[in-house]
Amino acid sequence: MKNLSDRVAVITGAASGMGAAMAWRFARSGMKIVVSDIDGDAAAATRDALVAAGHDAIAVRTDVASPDDVDRLADVAYAHYGAVHLLCNNAGVVPGGRHRLVWEYPLEDWKWSLDVNLFGAVHGIRSFIPRMLAQNVEGHVVTTASVAGLVSGAGSVPYSAAKHAVVRVTEALYAGLRERGAPIGVTVLCPGLVNTRIYDSERNRPAELRAAAGPAEESPELKAIAERLYADAISPEAVAELVHRAVLDNRFYLLTTESFDGSIRDRLEAILERRNPDFASLLELSRRDVAEREQPR
Ligand SMILES: NC(=O)c1ccc[n+]([C@@H]2O[C@H](COP(=O)([O-])OP(=O)(O)OC[C@H]3O[C@@H](n4cnc5c(N)ncnc54)[C@H](O)[C@@H]3O)[C@@H](O)[C@H]2O)c1
């Protein structure tokens with residue numbers, strides 16, 4: 001998209017972190033903002049702050065795991081503003097708890113992660129793309145995946161598997177829109193660690209998906225490392241700046257750091273060379289990411 005002024009942006013998970021930062025960044029470009037989040041009070045607070053700063057915004061409580069909720073979000077956005085030009089499928093959650101191996105996760109973690117991280121994006125595409133195509137004007141879709149959707153290994157599987165699928169779905173969206181010759185660009189945002197409230201995702205877990213035994217506690221060492229890593233990670237505002245640029249430049253793959261490049265390359269080369277992979281842990285890669293930022297080359 002070249003012209004953002006007076007256009008309409010719908011952002012899911014916009015009450016916190018990267019979603020909120022995108023709402024502010026695109027509002028400052030003159031866009032009208034539909035602030036959507038499962039936390040209705042926090043979404044309303046973000047809308048109030050935007051409006052108080054002179055921007056045009058509405059808030060819609062939406063659980064992206066629900067296709068009906070996302071359809072309603074589209075209904076409200078189109079009823080209020082008459083069009084949608086930028087859709088940011090951004091809402092996401094990381095199930096908490098100690099490091100587990102793939103056979104150890106409760107099914108509730110799988111269901112919650114896939115419902116929000118994968119189906120949230122699928123619902124956004126299904127509810128908005130047909131209406132955006134019917135408008136036949138310039139538009140853009142940003143989907144927030146993660147570097148966890150590009151690297152692999154033993155840990156964080158319900159989250160990483162969902163993000164791998166999100167990358168695949170977003171690639172299909174990009175290819176499908178090109179096949180159609182539609183004037184809608186696509187970006188798959190794959191951040192490294194960002195200082196947001198993602199580490200506190202459990203606040204949004206639906207009651208029916210609480211595992212019978214409750215979420216297992218992290219080891220104190222893992223918790224301390226993760227908290228420090230998040231505190232030292234880049235700001236959501238810095239990511240929103242990159243997203244803004246990617247929308248203007250129509251850039252598809254958007255990574256916020258080069259720290260994971262080696263692991264992405266190793267995985268792809270192992271596939272192409274038909275050799276067994278040697279995966280580093282996501283925690284170790286994140287630690288390297290933050291350390292490299294502290295000592296810029
Ligand atoms: N923070 C990181 O290090 C990091 C790295 C890579 C990718 N991501 C991804 O970035 C995206 C944004 O997360 P963030 O880091 O800003 O975290 P955040 O927790 O600060 O914000 C996420 C927002 O999503 C909302 N949300 C949660 N479940 C929802 C649902 N079912 N429906 C609608 N909204 C829901 C939350 O209420 C919250 O406002 C997520 O997709 C996340 O997976 C985060």
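Residues: numbered from 1 along the sequence shown. All ligand and atom numbering here is 1-based and tracks the order in the structure.
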Write out the residue and atom name of the closest protein heavy atom to atom 36 (C) of ligand 1, then the distance separating them to 0.1 Å.
-> N204 ND2, 3.3 Å
Please check if the side chain of H140 supplies one atom and the backbone of L86 the other of a donor-acceptor pair under 3.5 Å.
-> no
Verify, without hydrogens or angle tests, whether K2 (side chain) and L248 (backbone) share a donor-acceptor contact under 3.5 angstrom.
-> yes
Considering the heavy atoms of Y159, write down every atom of ligand 1 situated less than 4.0 Å from one of them.
-> 6 (C), 7 (C), 8 (N), 9 (C), 42 (C), 43 (O)
Quick note on ligand 1: atoms under 4.0 Å from a heavy atom of V93 include exactly 27 (C), 28 (N)
Ligand 1 atoms in contact with G17 (distance to a heavy atom under 4.0 Å) = 16 (O), 20 (O)
Could you check N195 against S235 for side-chain hydrogen bond (donor to acceptor under 3.5 Å, both in side chains), going step by step and ending with a plain yes or no?
-> CA-CA 5 Å; N195 187 3; S235 70; over 6 Å; no
Donor-acceptor contact present, side-chain Y199 to main-chain V94, <3.5 Å = no
For ligand 1, is there an N or O atom under 3.5 Å from any N or O atom of K163?
-> yes
Which atoms of ligand 1 are found less than 4.0 Å from any heavy atom of D63?
-> 30 (C), 31 (N), 32 (N)
For atom OH of Y174, decide whether the heavy atoms of other residues, nucleotides or ligands shown that lie under 6.0 angstrom number more than 12.
-> no
Would you mind telling me if ligand 1 is within reach of the side chain of V64, the backbone, both or neither, using heavy atoms under 4.0 Å?
-> both
Min heavy-atom dist P191 to ligand 1 below 4.0 Å = yes
Protein heavy-atom partner closest to atom 34 (N) of ligand 1 - residue, atom, separation in Å = I38 N, 3.3 Å
Strictly by modelled atom types, are T12 and N89 linked by a side-chain donor-acceptor pair under 3.5 Å?
-> no
Near E273 CD, under 6.0 Å, is it more than 12 heavy atoms from other residues, nucleotides or ligands?
-> yes
Has Y230 got any heavy atom lying under 4.0 angstrom from an atom of ligand 1?
-> yes
To the nearest 0.1 Å, how far is atom 39 (O) of ligand 1 from its closest protein heavy atom, and which atom is that?
-> D37 OD2, 2.6 Å
Yes or no on side-chain contact (heavy atoms from CB on, under 4.5 Å) for S201 and W112, after CA distance, side-chain angles and deciding distance?
-> CA-CA 11 Å; S201 288; W112 183 39; 4.1 Å; yes
N or O pair under 3.5 Å between S16 and ligand 1 = yes
What is the closest protein heavy atom to atom 3 (O) of ligand 1, and at what distance does it sit?
-> V194 N, 2.8 Å
Could you tell me whether the side chain of T46 and the main chain of A42 form a donor-acceptor pair under 3.5 Å?
-> yes
Near T196, which atoms of ligand 1 are under 4.0 Å from a heavy atom of that residue?
-> 1 (N), 14 (P), 15 (O), 16 (O), 17 (O), 20 (O)
Give a yes/no on ligand 1: does A145 have at least one heavy atom closer than 4.0 angstrom to it?
-> yes
May I ask you to decide if A23's main-chain N or O and R25's side chain share a donor-acceptor pair within less than 3.5 Å?
-> no
More than 12 foreign heavy atoms under 6.0 Å from CZ of R131: is that the case here?
-> yes
Quick one: look up the protein heavy atom nearest atom 22 (C) of ligand 1 and list residue, atom name and how far away it is.
-> G92 O, 4.1 Å
Name the closest protein heavy atom to atom 24 (O) of ligand 1, giving the residue it belongs to and the distance to 0.1 Å.
-> G13 CA, 3.4 Å
Where on V116 is there a heavy atom closer than 4.0 Å to ligand 1, on the side chain, on the backbone, on both, or on neither?
-> side chain
In ligand 1, the atoms that come under 4.0 Å of a heavy atom of T62 are 32 (N), 33 (C)
Donor-acceptor contact below 3.5 Å, side chain H164 vs main chain S160 | no
Same hydrophobic cluster for V157 and F279, using side-chain heavy-atom links shorter than 4.5 Å among ILVMFWY?
-> no
Taking the six-membered ring for Trp, are W24 and H55 parallel (under 30°), tilted (30 to 60°) or perpendicular (over 60°)?
-> perpendicular
Out of curiosity, is G192 lining ligand 1, as in a heavy atom under 4.0 Å away?
-> yes
Looking at N90, which atoms of ligand 1 are within less than 4.0 Å of one of its heavy atoms?
-> 11 (C), 12 (C), 40 (C), 41 (O)
Considering only the protein, which heavy-atom contact is closest to atom 16 (O) of ligand 1, and what is its distance?
-> M18 N, 2.8 Å
Of the protein's non-hydrogen atoms, which lies at the shortest distance from atom 19 (O) of ligand 1, and what is that distance?
-> R203 NH2, 3.1 Å
Check whether any heavy atom of T12 sits under 4.0 Å from an atom of ligand 1.
-> no
